[in-house]
Amino acid sequence: RTVFAIDIGGTKIAAAEVRGGRLLDRRQTVTPRTGSGDDLVAAIASLAPKHAFDAIAVATTGIVRDGALTALNPQTLPIENGYPLARALDKALGVPPLVVNDAQAAAWAEFCVGAAHGFRNFAFFTVSTGIGCGLVIDGHLQTGATGLAGHAGHMMSDPGGAMCGCGRRGCLETIASGTALARLGSERLGRPVGAPDLFAAARQGDANAAEVIGSAINALVDGFADLTAAVDVDCFAVGGGVGLADGFIAALEARSRLLPAVFQRPIVAAQAGADAGLLGAALLSEGNFH
Ligand code: BMX
Ligand code: ZN
């Protein structure tokens, strides 16, 4: 069987064919940030295999409810509310797709074949453009009745913090995402820096850079502790460009060790890599869904 797997992010759309759990023929294109769902579908159709395939599996940034896509944070991906992505893809490609949130899909890949293999209760965090999260509780992926389950990047971190694209103030995503680190770092250092520059400055001993990163680390670990208090997670896996930056997970772990012991949990690096969303969506579409 061949699954055509797609991962829609804020900057790129990745696609691959998945056969026997292996990703083949990976390709990508730039995400059309026009706000039009039909433009997303056209971009996906341009990546479709020329030969027949058996299933379509889509991981996407945003809230997925009954196959329809809505942005929680439209700054990550502008899209009309409730765009019927599954229906439009079925019409365009002739195969009804499974559609799931990107971090939820990646959590499933980590649970089935990655860092969280063997744990029953687990949270995956991607720290990238935004902060995505997927939860597996008692071996079941949590999507929630409205698709919102796991959107832990929008838990409140600082009541007096910056306005988030979702409409709340001080979300974790406004403090610890790659976008937030670039914004806060530029303010603090008085020159435009991206997240990688900020990490480089901190490594060279810049105390301001280290402080901005330290605040992000603290906010994330407090978020982990809150989630642990809510649903008793066994283990956290962290991925994403920022999450996998040199020393980031070690810093999370060190901070976590300052928590009261009852809130401390192992924090490990994600293993399924940048293509975890593709793999997780394919696994889910193949009925590997508990
Ligand atoms: C945002 C939200 C989540 C997503 C997360 C990570 C939108 C469009 N996206 O919090 O659904 O999982 O970003 O997304 O509201 P990424 O694109 O940064 O990986
Ligand atoms: Zn938010």
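Every number for a ligand or one of its atoms is a count from 1 in the order of the listing.
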*Side-chain donor/acceptor of N121 to backbone N/O of D234, under 3.5 Å*: no
*Compute the minimum heavy-atom distance from Q104 to ligand 1 and say whether it is under 4.0 Å.*
no
*Does at least one non-hydrogen atom of G153 fall below 4.0 angstrom from an atom of ligand 1?*
no
*4.5 Å side-chain heavy-atom contact, P49 and T2*: no
*What does the angle at the Zn ion (ligand 2) come to, between atom SG of C171 and atom SG of C166, rounded to 10°?*
100°
*Looking at R26 and D275, does any basic side-chain N land under 4.0 Å from a carboxylate oxygen?*
yes
*May I ask you to identify the nearest protein heavy atom to atom 19 (O) of ligand 1, giving residue, atom name and distance to one decimal place in Å?*
S128 OG, 3.3 Å
_Looking at A16, is its backbone amide N or carbonyl O close enough to the side chain of R27 to form a donor-acceptor pair, meaning the two atoms are under 3.5 Å apart?_
no
*Going by the side chain to side chain contact (heavy atoms under 4.5 Å, CB included) test, name the single residue among L184, D206, V242, L189 that passes it with L198.*
L189
*N73 heavy atoms, cut-off 4.0 Å: which ligand 1 atoms fall inside?*
7 (C), 8 (C), 15 (O)
*Looking at E17 and R19, does any basic side-chain N land under 4.0 Å from a carboxylate oxygen?*
yes
*For ligand 1, which atoms sit closer than 4.0 Å to a heavy atom of G62?*
3 (C), 7 (C), 8 (C), 9 (N), 11 (O), 15 (O)
_Quick check: of its N, O or S atoms, which one does H154 have closest to the Zn ion (ligand 2)?_
ND1
*Between H151 and ligand 1, does any nitrogen or oxygen pair lie at a separation below 3.5 Å?*
yes
*Where does the angle between the aromatic ring planes of F125 and F224 fall among parallel (under 30°), tilted (30 to 60°) and perpendicular (over 60°)?*
tilted
*Tell me, which protein residue and heavy-atom name are nearest atom 18 (O) of ligand 1, and how many Å apart are they?*
G130 N, 2.8 Å
*At a 4.0 Å threshold, what atoms of ligand 1 neighbour a non-hydrogen atom of H154?*
1 (C), 10 (O)
_Side-chain donor/acceptor of N101 to backbone N/O of Q104, under 3.5 Å_ = yes
*Of the choices G132, P78, G277, which has the non-hydrogen atom that lies closest to atom 6 (C) of ligand 1?*
G132
*Residue and atom name of the nearest protein heavy atom (relative to atom 13 (O) of ligand 1), distance in Å to one decimal*: E173 OE1, 3.7 Å
*Is it true that a side-chain atom of D197 and a backbone atom of G194 form a donor plus acceptor pair closer than 3.5 Å?*
yes
*Hey, does L72 come in under 3.5 Å of ligand 1, counting only N/O atoms on both sides?*
yes
*Atoms of ligand 1 close to T76 [distance to a heavy atom under 4.0 angstrom, numbered from 1]*: 8 (C), 17 (O)
*Identify the protein heavy atom lying closest to atom 17 (O) of ligand 1, giving its residue, its atom name and the separation to 0.1 Å.*
T61 OG1, 3.4 Å
*Where does D102 meet ligand 1, judged by heavy-atom distances below 4.0 Å: at the side chain, the backbone, both, or neither?*
side chain
_Are the side chains of L148 and L72 in contact, using a 4.5 Å heavy-atom criterion?_
yes
